[in-house]
Amino acid sequence: MKRKASYDIVVVGAGPAGSTAARVAGENGAKVLLLEKRSQVGSPVQCAEHIPEALVHHVNIQPEHIAQPVSALETYLPNGDVHIMPARGYILHRNAFDKYLAVSANKAGAHLWVGARALRPSSDGLIVIHQSEEKEIGAKIIIGADGPGSTVGHWMDQVNQDFLVAAQVEVVLDKPIETAKIYFHSDYVHGYGWVFPKGTTANIGVGLSAGIIGSSQKILDRFLKRLGYGRERVVSQTAGIIPVGGPLKSTCSDRYLLVGDAAGQTHSITGAGIANAILCGEMAGRAAAKTIQTGNRRLLGDYEKEWRTYLGRSLQRAVNNRQYQKTMWTNDQAALSALIQETWIAFPNYTREKAKN
Ligand SMILES: Cc1cc2nc3c(=O)[nH]c(=O)nc-3n(C[C@H](O)[C@H](O)[C@H](O)COP(=O)(O)OP(=O)(O)OC[C@H]3O[C@@H](n4cnc5c(N)ncnc54)[C@H](O)[C@@H]3O)c2cc1C
């Protein structure tokens with residue numbers, strides 16, 4: 001096979017993690033290639049599109065990326081209680097947002113190949129399939145930002161094991177909603193249902209532990225019925241998996257970095273991963289570019305140290321709460337309500353140390 005190109009850094013996956021890593025590495029002088037297996041960056045959307053307001057400190061979010069701001073998080077417990085927590089955020093147009101992040105990477109000098117899937121490692125880079133042809137690309141460093149079932153993760157023997165299976169529809173609303181809403185029920189096993197408004201529509205979905213008997217689509221239909229919506233209001237549907245087992249043991253070797261969902265940096269209780277993908281993407285891009293500048297491969301390890309210092313404790317707390325929730329999950333709606341008050345982020349007891357089970 002002929003060598004087609006050679007780069008300092010190849011980033012696999014143009015989601016929020018990969019595009020951010022590619023942008024930051026490009027800004028820091030590295031020769032970068034960003035690969036995306038889909039033919040269009042950001043599409044199809046497999047996300048409920050909620051981000052915290054604080055993310056504006058890391059990304060120059062444009063008005064056209066925002067479907068709607070939200071002012072609070074409402075939690076609906078199985079026993080009928082409702083808890084309201086002020087929490088400013090945005091529901092995005094994620095396809096436009098992801099495209100913008102990839103455009104920013106390209107403007108920072110990163111080359112972009114869409115329709116290019118990373119297949120396997122080679123002696124000094126990787127093999128991709130692009131335009132129906134296998135190509136070898138030279139790469140001093142490879143950043144795996146290729147989502148929950150990461151191919152690069154498999155090369156490192158570091159793969160996510162615990163997932164939520166999510167199903168979602170976008171539904172036409174009767175009237176606008178101003179808050180993000182979360183619903184707990186014994187049906188949504190180890191997960192929850194959500195309603196995230198987008199002006200005239202809302203993303204309505206459920207996430208439940210992978211391997212649970214009963215399809216997420218049927219459970220979503222029951223959730224819609226409880227909310228008073230029928231399938232005749234659905235304008236689009238999507239599904240996906242969310243890694244919720246917590247960070248992988250190692251996200252760094254002397255050649256590879258893992259970032260975002262590929263690294264298990266998603267929050268184990270909320271399933272939110274956009275913000276962490278962007279924060280950790282910045283760190284990965286910086287560490288990779290510094291390694292190229294200095295030729296000192298040990299500097300790749302700065303990435304792992306930095307993100308664990310910044311996020312490690314809060315992600316571990318989420319893992320502990322998820323483990324506790326899984327062990328104590330019950331079909332008794334009163335007992336489940338009490339459990340959610342122990343383990344969901346909106347309640348003060350979320351931060352309480354959980355007994356090891
Ligand atoms: C239904 C659902 C709802 C969600 N809702 C929210 C939410 O409201 N808020 C939130 O913060 N998070 C949410 N998440 C999680 C969020 O979508 C992820 O955490 C986030 O997308 C992680 O970004 P990433 O860049 O790490 O991975 P991804 O966004 O998954 O990007 C990975 C990219 O890599 C590409 N790729 C994969 N393999 C290869 C390969 N071999 N070669 C080349 N390219 C490859 C993929 O096509 C993809 O574009 C949700 C997830 C799901 C499934």
Side-chain angles (χ1 to χ4, degrees), residues 10-22 33-52 55 67 70 73 89-92 94-95 97-99 101-102 105 112-121 126-130 137 142-155 160 163-170 180 182 191-196 198 202-208 210 216 220 237-244 251 258-268 270-281 284:
V10 172
V11 182
V12 181
S19 291
T20 305
L33 173 64
L34 176 59
L35 300 174
E36 172 52 52
K37 72 175 180 187
R38 299 180 188 181
S39 52
Q40 257 188 60
V41 171
S43 184
V45 173
Q46 292 171 291
C47 186
E49 308 178 282
H50 178 273
I51 54 162
L55 196 58
V70 284
L73 185 68
Y90 300 109
I91 313 302
L92 293 172
R94 196 138 162 217
N95 51 356
F97 180 69
D98 279 20
K99 199 182 276 185
L101 296 178
L112 182 57
W113 288 7
V114 295
R117 178 195 290 265
L119 292 179
R120 56 186 182 275
L126 74 166
I127 313 291
V128 305
I129 184 149
H130 183 223
I137 304 169
I142 296 171
I143 300 180
D146 45 348
S150 169
T151 299
V152 179
H154 281 90
W155 304 347
N160 292 300
F163 298 94
L164 285 185
V165 176
Q168 178 181 279
V169 286
E170 187 180 354
I182 298 293
Y192 59 87
W194 63 84
V195 177
F196 291 171
K198 301 183 74 177
N203 290 330
I204 301 185
V206 292
L208 50 144
S216 52
L220 174 58
Q237 57 188 13
T238 187
I241 56 168
I242 307 175
V244 285
T251 61
L258 290 178
V259 64
D261 275 14
Q265 288 160 340
T266 323
H267 194 279
S268 300
T270 64
I274 301 170
N276 286 354
I278 288 172
L279 297 184
C280 297

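From a predicted model like this one, the values you see are computed outputs, not experimental measurements. Whatever order the structure lists ligands and atoms in, that order sets their numbers, starting from 1.
The protein heavy-atom contact nearest to atom 31 (O) of ligand 1 is G15 CA, 3.5 Å. Atom 52 (C) of ligand 1 has Q46 O, 3.2 Å as its closest protein atom, hydrogens excluded (heavy atom only). In terms of protein heavy-atom proximity, atom 32 (C) of ligand 1 is nearest to A145 O, 3.3 Å. When hydrogens are left out, the protein atom nearest atom 21 (O) of ligand 1 is R94 NH2, 2.9 Å; that is the closest non-hydrogen contact. P16 CD, 3.6 Å is the protein heavy atom nearest to atom 23 (O) of ligand 1. Of the protein's heavy atoms, D146 CB, 3.5 Å lies nearest to atom 38 (N) of ligand 1. For atom 12 (N) of ligand 1, the closest non-hydrogen atom of the protein is G273 N, 3.1 Å. Here the protein heavy atom with the shortest distance to atom 1 (C) of ligand 1 is A166 CB, 3.5 Å.
Rounded to the nearest 0.5 angstrom, E49 CD and Q168 CD are separated by 7.0 Å. A distance of 8.0 Å separates CG in L112 from CG in L33, rounded to the nearest 0.5 Å. Atom OG of S19 sits about 8.0 Å away from atom CD of E36, to the nearest 0.5 Å. Between L35 atom CG and R117 atom CZ the span is 12.0 Å, to the nearest 0.5 Å. One distance of note links CG of L92 with CG of N203; it measures 10.0 Å at 0.5 Å rounding.
Comparing heavy-atom distances from atom 39 (C) of ligand 1 across K37, H267, R117 singles out K37 as nearest.
In terms of N/O distances under 3.5 Å, ligand 1 is approached by A48. The shortest N/O to N/O separation between D261 and ligand 1 falls below 3.5 Å. The shortest N or O to N or O distance between A118 and ligand 1 is below 3.5 Å. Where the criterion is an N or O separation shorter than 3.5 Å, residue side chain and backbone included, H50 meets it with respect to ligand 1. Taking only nitrogen or oxygen atoms, main chain and side chain alike, I274 reaches within less than 3.5 Å of ligand 1. Taking distance alone, with nitrogen or oxygen atoms compared against 3.5 Å, C47 stays at or beyond that limit from ligand 1. Among the atoms of E36, some N or O lies under 3.5 angstrom from an N or O of ligand 1. On a distance-only criterion, R38 and ligand 1 share at least one N/O pair closer than 3.5 Å. At least one N or O atom of A17 sits closer than 3.5 Å to an N or O atom of ligand 1. For the pair P148 and ligand 1, the shortest N or O to N or O distance does not fall below 3.5 Å.
The aromatic rings of H130 and W113 sit parallel to each other, their planes meeting at less than 30°, with 60° as the upper class boundary.
Not a single heavy atom of Q265 sits less than 4.0 Å from an atom of ligand 1. Ligand 1 has no atom lying under 4.0 Å from any heavy atom of I51.
Within ligand 1, counting atoms from 1 as listed, the ones closer than 4.0 Å to a heavy atom of A116 are 42 (N), 43 (C). Heavy-atom proximity to G147, at under 4.0 Å, picks out these atoms of ligand 1: 27 (O), 30 (O), 32 (C). The G240 neighbourhood of ligand 1 comprises atoms 53 (C), with distances under 4.0 Å to a heavy atom of that residue. Below 4.0 Å from some heavy atom of F196 lie the following atoms of ligand 1, by number and element: 8 (O). Of all atoms in ligand 1, numbered sequentially from 1 with element shown, those under 4.0 Å from a heavy atom of V12 are 40 (C), 42 (N), 43 (C). Every atom of ligand 1 with a heavy atom of G260 under 4.0 Å away is listed here by number and element: 26 (O). Distances below 4.0 Å separate heavy atoms of T151 from the following atoms of ligand 1: 41 (N). In the vicinity of G271, heavy-atom distances shorter than 4.0 Å reach the ligand 1 atoms 12 (N), 13 (C), 14 (N), 15 (C).
More than 12 heavy atoms of other shown residues, nucleotides or ligands fall within 6.0 angstrom of atom CZ in R38.
A pairwise comparison of heavy atoms in S150 and L258 identifies OG-CD2, 3.9 Å as the closest pair.
Side-chain atoms of T266 do not come within 3.5 Å of backbone N or O of A272 as any donor-acceptor pair.
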